[in-house]
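Each remark here refers to the structure printed beneath this line.
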2 protein chains.
Amino acid sequence: MQADCFDNALQKLRKRGFKLTPQRRAVLRLFCSDDARHLTAQQAHDAIREREPSIGLVTVYRSLELFTSVEILHRVKFNDGFDRYERHPGAAGHHHHLVCAGCGQVVEFGDCLIRSMEQKLEKTSGFCIEGHWLELIGRCPECRGRAKEDN
Amino acid sequence: MQADCFDNALQKLRKRGFKLTPQRRAVLRLFCSDDARHLTAQQAHDAIREREPSIGLVTVYRSLELFTSVEILHRVKFNDGFDRYERHPGAAGHHHHLVCAGCGQVVEFGDCLIRSMEQKLEKTSGFCIEGHWLELIGRCPECRGRAKEDN
DNA sequence: TGATAATTGAAAGTGGTTTTCATTTGCTAT
DNA sequence: ATAGCAAATGAAAACCACTTTCAATTATCA
Ligand SMILES: [Mn+2]
Ligand SMILES: [Mn+2]
Ligand SMILES: [Zn+2]
Ligand SMILES: [Zn+2]
């Protein structure tokens, strides 16, 4: 749990006039810990309840939405039916995800070549490109081995 | 409506032992027409009902699933909560979509630089990469104008 | 022309997410 | 401190794209 992450987020909420409730602090605390990555609302709720047993799942949903809107969190889609959340990358720049189809393990990578593709496309299409979603699906070394066994 | 597209699809279904029902023919007819692109199940159902008024939405869902499994159709995700379908690109190779955040208009593009990114990543991560999802979000020229007016 | 298994459509179910609404609570002005 | 009030919370119900169930229908083939 990184203190500056937590304090910056509180600051941001205060500045915009949102109330600092124990529930919101608990959600922030979770996502400021380094091991909280790509969590679903349900996963976040389960984790938070260990410290804040009375918090409702609905409040977690609302906090995730609020924090995403003020860029404290970032919504990630793995196309598996769940919205997932991680700390907003901020100045560190965005990254993408390589998800194992076997075990769900996630590898992050930051050097994406999409900007140059986008610049070419902006010329040919006349669009102003505002963002992109990229998800790679594959198999991690362990799951490749397991697939071979099954044959 | 391209006849060879339709006939090839019928052939494919027959070969695999699926029955050729009027409902399946109607779904195929729709997706073999050139203007049917990135349709949701509901949109497909609405279009098909003009010729086949009694077809059920459930049957459309089932046909889309079946046709996707035998690679007659291709499932596309714009991360807007709907599964969308288009003709399977086949030998023509896959393409990606640039979607306007204002009006939903879609531009397709085929030259994607992701393969080289994938090859680099396969080395560094040890994953075997099986596929990727890429969606670009932007604003078309008309919607850029409209946004400027609103200021 | 039947026999048979696949297919269909209506209705009910599923599951992640959102809305409703009565109650509680953080914040501010006194 | 304290009261007043808008914002936030939690339980329950609603939402909605999609899937499953099941009885009736139908394409296919002997
Ligand atoms: Mn990430
Ligand atoms: Mn397309
Ligand atoms: Zn794996
Ligand atoms: Zn537009």
Side-chain angles (χ1 to χ4, degrees), chain A residues 9-30 38-70 72-85 104, chain B residues 6 9-30 38-49 51-70 72-85 104:
Chain A
L10 286 187
Q11 199 69 12
K12 209 174 231 178
L13 291 175
R14 219 185 325 253
K15 192 164 54 181
R16 308 218 187 186
F18 295 109
K19 293 186 178 172
L20 304 181
T21 65
Q23 293 89 339
R24 286 177 177 168
R25 284 174 210 270
V27 176
L28 284 178
R29 218 170 5 245
L30 172 63
H38 321 126
L39 299 183
T40 65
Q42 185 64 64
Q43 289 172 332
H45 185 230
D46 291 344
I48 294 164
R49 268 210 287 201
E50 297 187 3
R51 274 172 156 262
E52 195 81 15
S54 69
I55 190 174
L57 177 58
V58 201
T59 299
V60 173
Y61 271 107
R62 280 189 283 230
S63 299
L64 295 175
E65 172 60 31
L66 173 67
F67 296 169
T68 300
S69 75
V70 299
I72 290 171
L73 293 184
H74 186 235
R75 186 180 280 115
V76 179
K77 305 225 180 211
F78 289 176
N79 279 329
D80 62 353
F82 301 90
D83 288 354
R84 293 167 182 277
Y85 296 84
Chain B
F6 186 74
L10 286 187
Q11 199 68 13
K12 209 174 231 177
L13 291 175
R14 216 182 331 249
K15 191 164 53 183
R16 309 219 187 185
F18 295 109
K19 292 186 178 172
L20 305 181
T21 65
Q23 293 89 340
R24 286 177 178 170
R25 285 174 208 269
V27 176
L28 284 178
R29 219 172 2 245
L30 172 63
H38 320 124
L39 300 182
T40 65
Q42 185 63 65
Q43 289 172 332
H45 185 229
D46 291 344
I48 294 163
R49 268 210 288 201
R51 273 171 155 263
E52 195 82 14
S54 68
I55 191 175
L57 177 57
V58 202
T59 299
V60 173
Y61 270 108
R62 282 189 283 229
S63 300
L64 296 175
E65 172 59 31
L66 173 66
F67 296 169
T68 300
S69 75
V70 299
I72 290 171
L73 294 184
H74 186 234
R75 186 179 281 117
V76 179
K77 305 227 180 211
F78 289 178
N79 278 331
D80 62 354
F82 300 91
D83 288 356
R84 293 167 183 276
Y85 296 85

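Note that the structure is predicted; figures quoted are calculated from it, not measured.
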Mind calculating the distance between [atom1] ([X]) and [atom2] ([N]) to the nearest angstrom?
{"X": "A/L64", "N": "C/dG16", "atom1": "CG", "atom2": "P", "value": "15 Å"}
{"X": "B/L20", "N": "C/dT7", "atom1": "CG", "atom2": "P", "value": "10 Å"}
{"X": "A/N79", "N": "C/dG16", "atom1": "CG", "atom2": "P", "value": "16 Å"}
{"X": "A/D83", "N": "C/dT18", "atom1": "CG", "atom2": "C1'", "value": "12 Å"}
{"X": "A/R24", "N": "C/dC27", "atom1": "CZ", "atom2": "C1'", "value": "13 Å"}
{"X": "B/L57", "N": "C/dA11", "atom1": "CG", "atom2": "C1'", "value": "13 Å"}
{"X": "A/L39", "N": "C/dG16", "atom1": "CG", "atom2": "C1'", "value": "16 Å"}
{"X": "A/R84", "N": "C/dG16", "atom1": "CZ", "atom2": "P", "value": "11 Å"}

For this session: Classify the side chain of B/R62 and the base of C/dG9 as holding, or not holding, a donor-acceptor pair under 3.5 Å.
Result: yes
Closest heavy-atom pair and its distance - [X], [Y]:
{"X": "A/Q43", "Y": "A/T40", "value": "OE1-N, 2.9 Å"}
{"X": "B/V60", "Y": "B/A41", "value": "CG1-O, 3.8 Å"}
{"X": "A/F82", "Y": "A/D80", "value": "N-OD1, 3.1 Å"}
{"X": "A/R24", "Y": "A/F18", "value": "NH1-CB, 3.7 Å"}
{"X": "B/H45", "Y": "B/I55", "value": "NE2-O, 2.8 Å"}
{"X": "B/H38", "Y": "B/R84", "value": "O-NH1, 3.0 Å"}

Problem set entry | Sugar-phosphate only, base, or nothing, as touched by B/I55 at under 4.0 Å among non-hydrogen atoms |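 Answer is sugar-phosphate: B/I55 comes under 4.0 Å of backbone atoms only.
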Exercise. With a non-hydrogen cut-off below 4.0 angstrom, is A/E65 in contact with a base, only sugar-phosphate, or nothing?
Worked result: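 Nothing, no heavy atom under 4.0 Å.
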Exercise. Reckon A/Y61 has a side-chain N or O less than 4.0 Å from the OP1 or OP2 of C/dT18?
Worked result: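 Indeed not, no polar side-chain atom of A/Y61 lies that close.
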Quick check for you: to the nearest 0.5 Å, what is the distance between [X] atom [atom1] and [Y] atom [atom2]?
{"X": "A/Y85", "Y": "A/Y61", "atom1": "OH", "atom2": "OH", "result": "8.0 Å"}
{"X": "A/L13", "Y": "A/L66", "atom1": "CG", "atom2": "CG", "result": "6.0 Å"}
{"X": "A/F67", "Y": "A/R62", "atom1": "CZ", "atom2": "CZ", "result": "12.5 Å"}
{"X": "B/I72", "Y": "B/Q11", "atom1": "CD1", "atom2": "CD", "result": "11.0 Å"}

Exercise. At how many degrees, to 10°, do the end axes of the helix from C/dT1-D/dA30 to C/dT30-D/dA1 meet when each uses five pairs?
Worked result: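 Angle reported: 30°, given to the nearest ten degrees.
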Exercise. Is B/D83 close to B/K77 at the side-chain level, that is, under 4.5 Å between some pair of heavy atoms?
Worked result: yes
For this session: Under 4.0 Å from any heavy atom of chain B: name the first and the last nucleotide of DNA chain D that qualifies, 5' to 3'.
Result: D/dA17 to D/dT28
Exercise. For B/R75 and A/V58, take the nucleotide of DNA chain D holding the closest heavy atom to each; which residue's nucleotide lies nearer the 5' end?
Worked result: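 So the residue in question is A/V58.
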Exercise. Which residues within residues 41-54 of chain A lie with some heavy atom under 4.0 Å of an atom in DNA chain D?
Worked result: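 Per residue number, the list reads A/S54.
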Problem set entry | Over 12 foreign heavy atoms within 6.0 Å of CZ, B/R51 | no
